[in-house]
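First comes the structure, then the notes that go with it.
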Amino acid sequence: MSDIDKNRVIIFDTTLRDGEQALQQSLNEKQKLQIALMLEQLGVDVIEAGFPISSPGDFNAVRLIGENLTRTIPCGLSRCVDKDIDAVYEALKNCARFRIHTFIATSDIHVQDKLRKSFDDIVAMAVNSVKRARNYTDDVEFSCEDAGRTPIDHLCRMVEAAINAGATTVNIPDTVGYTIPSEFGGIINTLMNRVPNIDKAVISVHCHNDLGMATGNSLVALQNGARQVEVCVNGLGERAGNTSLEEVAMALHVRKEYFGGLYTNIVPTNIARASQMVAGICNEKVPPHKAIVGSNAFAHSSGIHQDGVLKNRSTYEIITPESVGFKDNNLHMTARSGRHMIKSRLNALGYSDDTFNLDEVYKRFLELADKKGQVFDYDLEALLFFTHDMEEKTQFELDNLNVICGGKGVIPTASVRMKIGDQVYTESGTGDGPVDAVFNCITRLTKIDCKLVDYNISATTEGMNAQGQVDVDVMYHNRKYHGKGLSTDVIESSALALIHACNSIYRTQIVEDKKAEEQANHQVHMSV
Ligand code: KIV
Ligand code: ZN
């Protein structure tokens with residue numbers, strides 16, 4: 001192997017197998033294919049597409065994915081059981097290249113209490129299975145399940161036997177996320193030094209995150225000679241999840257020198273898209289503080305941090321959001337934001353310093369932020385154009401809401417009464433669901449035809465009378481507006497959230513008109 005190849009880390013993605021098996025609802029073939037094609041664009045080397053023997057659905061998904069991948073190697077999982085291995089072969093036999101991944105547990109507790117066999121039996125089963133798989137393909141991976149808790153002498157013996165039988169990749173899983181980085185690194189180091197035929201296979205690691213060590217354990221394993229990491233997008237997976245793809249890829253990318261030049265083929269700018277697609281299709285929200293892909297991962301909130309970032313981004317940013325494919329402005333305006341932040345945001349929105357009084361705007365910004373939490377660009381602009389009382393004034397208010405839905409054949413129908421200015425208007429309409437019916441009525445009443453781009457419900461209190469908060473993001477004239485609604489009835493929360501966003505849009509329209517008027521006056525003044 002050349003120096004470059006020695007540094008190449010293979011990314012084996014198991015989002016569609018280990019990740020999928022932890023979902024509340026399994027994915028259909030089409031959804032799996034969509035994710036697989038995204039993973040290929042992301043630069044993943046091997047995709048574990050499923051466990052073909054487990055169900056006809058999984059079998060078909062593995063086959064479909066195998067048929068559609070062009071660069072990435074498809075792989076299917078099997079126990080050390082003949083019919084499992086044959087099923088992977090049947091699913092992937094038409095692919096130019098494919099991998100069979102076969103596994104058996106090696107720790108005492110699994111061998112004795114789960115499998116109820118002797119360790120010698122386990123070694124024999126592993127050897128037979130690897131040989132059987134090798135009859136089908138040259139690319140065979142063998143995993144020692146629960147390797148993290150396997151006595152090291154047993155682990156060395158098993159790895160040597162699997163390689164002798166023909167395994168080209170040997171995977172060392174920390175199945176229950178039990179090990180600590182120095183310990184896991186030691187296991188890999190021992191294997192590299194004690195197993196005589198270790199150079200005949202790629203050593204892989206597969207870590208779970210029960211103690212929050214999955215990424216750390218995987219990276220330390222690479223430092224000790226492993227060259228394949230098994231990962232899931234967004235760290236999905238059994239219990240606390242698997243090692244997260246984006247964390248390993250970006251750690252190696254950002255700290256390349258520290259890791260002696262180790263690299264992957266992952267395209268960092270595709271990470272955000274992959275994360276959002278997996279979260280959406282799997283219906284598994286990314287926690288806001290999730291490293292690399294969480295909505296807060298690049299948000300700077302404190303005044304001191306924002307001031308630093310405005311002077312030099314590197315003061316508080318080791319990765320730019322753009323480098324992983326996020327486009328949004330990452331400086332959130334809250335009551336902790338400083339004057340520098342507000343001035344710079346207004347400048348970015350096109351207002352030169354001589355067009356506003358920073359002391360006055362900042363004072364009013366803090367008052368608004370205390371009331372509202374996060375302040376958006378359009379709120380800030382409104383401060384420039386509105387007096388205090390106008391800023392509070394709402395054009396649209398919900399007066400009454402009635403919804404009929406549920407039951408076979410019932411078309412969801414809503415009737416909404418709203419106060420608009422000084423008048424009261426009512427509108428009725430249908431929709432795909434109750435919220436859609438309500439939104440259709442509100443759109444007609446406000447005459448604001450915005451597009452819903454994000455909708456989130458969360459409970460803000462516990463129990464039967466829990467308040468449901470709905471947050472919506474809508475697009476209107478290429479700008480994103482946020483709305484929040486709170487009620488014990490989520491349909492009402494939804495209506496309030498959309499009306500909240502419509503009020504912001506309405507105020508922005510007034511701001512735009514005032515801006516245009518000021519510009520026109522300015523031009524007249526210049527030409528006189
Ligand atoms: O965690 C684990 O040990 C596994 C194996 C099947 C590789 O998922
Ligand atoms: Zn696993």
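Starting from 1, each residue takes its place in the sequence as its number. Counting starts at 1 for both ligands and their atoms, in listed order. Just so it is clear, the structure is predicted and the values come from calculations on it, not from any experiment.
Considering only non-hydrogen protein atoms, atom 6 (C) of ligand 1 sits nearest to R17 NH2, 3.6 Å. Looking only at heavy atoms of the protein, atom 4 (C) of ligand 1 is closest to H206 NE2, 3.5 Å.
For the pair S78 and D84, the tightest heavy-atom approach, listed with the atom from each and the gap, is CB-CB, 3.4 Å.
For the pair R255 and Y258, the distance from NZ or CZ to the six-membered ring centre is under 6.0 Å and the angle to the ring normal is within 45 degrees.
Atom OD2 is the N, O or S atom of D18 at the shortest distance from the Zn ion (ligand 2). Its N, O or S atom nearest to the Zn ion (ligand 2) is what matters here, and for H206 that atom is NE2.
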Acceptor/donor pairs from residues 158-169 side chains to any protein atom, 3.5 angstrom cut, sequence neighbours excluded:
from, atom 1, to, atom 2, distance (Å)
N164, OD1, N197, ND2, 3.1
T168, OG1, V140, N, 3.0
T168, OG1, V140, O, 3.0

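Residue-level proximity to ligand 1 for H208 is carried by the side chain, the only part with a heavy atom below 4.0 angstrom. Contact annotation for R239 and ligand 1: no heavy atom of the residue comes within less than 4.0 Å of the ligand.
Side chains of N312 and T315: no donor on one and acceptor on the other come within 3.5 Å.
Each of the following atoms of ligand 1 lies closer than 4.0 Å to a heavy atom of E145: 3 (O). Atoms of ligand 1 lying under 4.0 Å from at least one heavy atom of D18, given by number and element, are 8 (O). Atoms of ligand 1 lying under 4.0 Å from at least one heavy atom of T175, given by number and element, are 1 (O), 2 (C), 3 (O).
Ring geometry for F439 against Y455 counts as perpendicular: the plane angle is over 60°, on a 0 to 90° scale with 30° as the lower cut.
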